[in-house]
Amino acid sequence: MINEVKTKDRNYTVPLITITLLFFMWGFITCMNDILIPYLKQLFKLTFFESMLVQFCFFGAYFIGSLIYFMISITKGDPINKLGYKKGILFGIFLAALGCILFYPAATFSYYPLFLGALFILGLGFTVLQITANAYVSLLGSEESASSRLNMTQAFNAFGTTIAPVLGGHLIFEFFSAPDGSFSAVATRIPYLIFAAILLLVGLLISRVKLPSFQTEEEEIVKGWGALGFSHLKFGVFAMFCYVGGEVAVGSFIISFLEQPQIMGFNEIISKNYLSLYWGGAMIGRFLGAISLNQSISQGKKAVYMLGAAAAVFLVIFSIVNLTFAQISFFIVFIVLNFVAFFIGKAAPARTLSIFAAINVILLISAMVNHGELAMYSILGIGIFNSIMFSNIYTLAISGLGKYTSQGSSLVVMAILGGAIVPIFQGYLADQFGVQHSFIIPVFCYLVILIFGAYCTKYLGHVESTEAKSGH
């Protein structure tokens with residue numbers, strides 16, 4: 001149990017803004033992988049399978065880091081409870097900055113395995129932040145508004161992923177590229193040093209800002225694998241594996257997909273702007289989700305708030321990407337469809353999850369069987385329906401675990417391993433059968449999520465009704 005001394009009516013605005021800045025940088029650097037993959041593929045003449053080792057090393061670090069954390073937790077107790085959230089966040093920032101700095105020798109020697117090693121260290125740093133920063137945000141205020149705060153910080157994380165393809169792509173593909181336009185590892189050297197410097201500055205800011213100190217009582221160490229006795233947790237871990245894998249795989253292949261002659265035949269400089277729309281969709285959806293899934297807002301007010309938020313975020317995205325209004329106007333159709341899906345879901349996380357997953361299955365099949373703009377629009381529309389999946393799967397998976405909640409949470413975070421494994425399989429299929437047909441892998445991922453949402457609608461609904469009847 002966590003208590004804070006003299007917390008009543010305390011203003012957490014400054015700490016929350018500081019942590020939100022960290023979420024933005026975290027999202028920005030993570031999305032840079034989607035720029036690195038096509039760049040390093042061209043530079044080192046890699047197959048699709050080999051280029052997907054970028055995501056394998058980065059997201060594989062999430063699994064290794066979470067596994068280490070989990071094993072320590074069940075034997076020695078929660079490390080963050082002992083060290084404190086602030087120290088945990090600073091350690092994560094330091095590791096991530098170190099990973100960025102290691103891009104310098106990797107680029108200097110132009111050696112692909114060194115790039116992969118740097119990405120692994122970077123991923124370990126973000127693993128620590130995943131474990132500490134999300135939990136810390138939930139403590140910066142009342143328990144009732146914790147979900148709203150998490151959705152908001154995640155939305156700014158998505159803002160980082162939206163800017164990264166445009167700004168990061170410009171730095172690597174254009175600004176720091178060789179004068180003759182050829183691919184050179186040196187183009188990645190300065191950008192990642194800049195990212196390291198910004199991370200360290202954020203760390204310095206966090207170290208200087210007076211963050212609230214939470215006093216933690218010694219908690220019971222829950223040994224063994226008791227959390228796996230809950231069927232919905234086991235299903236949730238698999239669903240999270242599929243969600244992260246599907247989202248990362250689609251984002252990783254968008255530039256290569258749009259380069260295909262039967263799709264659009266774009267080069268990397270043009271494609272990076274459309275990649276921003278994919279991640280920008282997630283940002284729109286998270287802002288809308290923060291409103292739609294708030295049970296305290298009436299349906300009428302929700303419609304007004306969601307319309308205003310969608311319009312504002314759409315204008316932000318339009319100002320970021322180097323595309324005309326005519327080129328991105330199709331996205332309005334997906335925003336409208338997103339509205340409809342939210343209202344059909346009626347603010348029920350499990351039902352909304354199933355609806356969004358079903359739409360993504362349809363969009364992926366459309367991208368596989370169609371050509372030209374229809375195929376392009378289909379693949380870009382997936383982002384807006386990915387938006388609420390992480391938070392919904394996470395909360396559904398750990399629902400009702402009681403004393404096993406921390407253990408279950410660690411297992412769900414481990415499932416981010418999907419971002420390492422699924423792109424590798426899609427890369428293999430892309431080498432064998434082509435990029436367009438390789439999207440059958442994410443189709444299966446979203447089918448699993450659809451079934452998980454339907455399962456939770458029935459299973460958790462039954463649990464809640466049983467508890468209500470028993471008076472618990």
Side-chain angles (χ1 to χ4, degrees), residues 4 11-33 36 57-59 61-62 64-66 68-69 72 78-107 115 117-141 149-150 152-164 167-168 171 188-214 216 413 416:
E4 186 195 352
N11 191 325
Y12 293 116
T13 303
V14 173
L16 191 58
I17 290 174
T18 307
I19 299 299
T20 300
L21 178 60
L22 175 61
F23 271 78
F24 169 81
M25 281 304 301
W26 173 3
F28 184 99
I29 297 175
T30 297
C31 191
M32 282 298 298
N33 289 357
L36 281 177
C57 290
F58 182 82
F59 286 99
Y62 274 79
I64 299 298
S66 297
I68 293 171
Y69 188 91
I72 294 173
D78 192 341
I80 299 302
N81 282 349
K82 297 179 182 297
L83 297 176
Y85 285 94
K86 187 172 182 177
K87 288 181 180 178
I89 291 170
L90 291 174
F91 178 65
I93 291 173
F94 173 78
L95 268 183
L98 177 62
C100 290
I101 291 170
L102 289 175
F103 269 75
Y104 192 91
F115 278 104
L119 285 160
F120 182 81
I121 300 299
L122 181 58
L124 282 179
F126 286 163
T127 303
V128 177
L129 293 176
Q130 184 83 17
I131 294 170
T132 55
N134 280 309
Y136 193 70
V137 167
S138 69
L139 298 175
L140 293 175
R149 291 192 301 278
L150 282 169
M152 195 58 63
T153 53
Q154 287 290 341
F156 279 96
N157 180 272
F159 184 41
T161 64
T162 304
I163 292 178
L167 179 57
L171 291 175
T188 65
R189 194 162 56 186
I190 301 302
Y192 274 85
L193 283 181
I194 294 172
F195 302 155
I198 295 174
L199 279 173
L200 291 174
L201 284 174
V202 173
L204 179 63
L205 178 62
I206 290 174
S207 70
R208 296 302 179 95
V209 170
K210 187 177 181 181
L211 298 180
S213 176
F214 293 95
T216 309
V413 172
I416 292 176

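We're numbering straight along the sequence, starting at 1. This one's a predicted model, so the numbers in the text were calculated from it and none came from an experiment.
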Task: Residue pair L204 / S207: nearest heavy atoms and the distance that separates them - done: O-OG, 2.6 Å
Task: Contact summary for A97 and L199, nearest pair of heavy atoms - done: N-CD1, 3.9 Å
- [ ] Mind listing the closest non-hydrogen atom pair of V128 and G88 along with its distance?
- [x] CG1-O, 3.2 Å
Task: From SG (C57) to CG (L122), nearest 0.5 Å - done: 11.5 Å
Task: Atom of A196, atom of C100 and distance for their closest heavy-atom approach - done: CB-CB, 3.7 Å
Task: Flag side-chain contact, heavy atom, 4.5 Å: I416 against F126 - done: no
Task: Note, L129 side chain near I93 side chain (heavy atom, < 4.5 Å) - done: yes
Open item on the list: Between F58 and F120 (judged by ring centroids, cut-off 6.0 Å), do the two rings come close enough to count as a pair?
Closed with: no
Open item on the list: Minimum heavy-atom separation for M25 and F195, please, with both atom names.
Closed with: CE-O, 4.4 Å
Open item on the list: If you define the side chain from C-beta out and look only at heavy atoms, does anything of T188 sit under 4.5 Å from F115?
Closed with: yes
Open item on the list: Less than 6.0 angstrom separating the ring centers of F159 and F24, yes or no?
Closed with: yes
Task: Side chain proximity check, L119 to L36, heavy atoms < 4.5 angstrom - done: yes
Open item on the list: Which heavy atom of I206 sits nearest to which heavy atom of L22, and what is that distance?
Closed with: CD1-CD2, 4.2 Å
Task: Atom pair CG (N157) and CZ (F28), whose distance is rounded to the nearest 0.5 Å - done: 12.5 Å
Task: Pair F59-Y62, ring pair (Phe, Tyr, Trp, His ring centres under 6.0 Å): steps then yes or no - done: CA-CA 5 Å; F59 286 99; Y62 274 79; 5.6 Å; yes
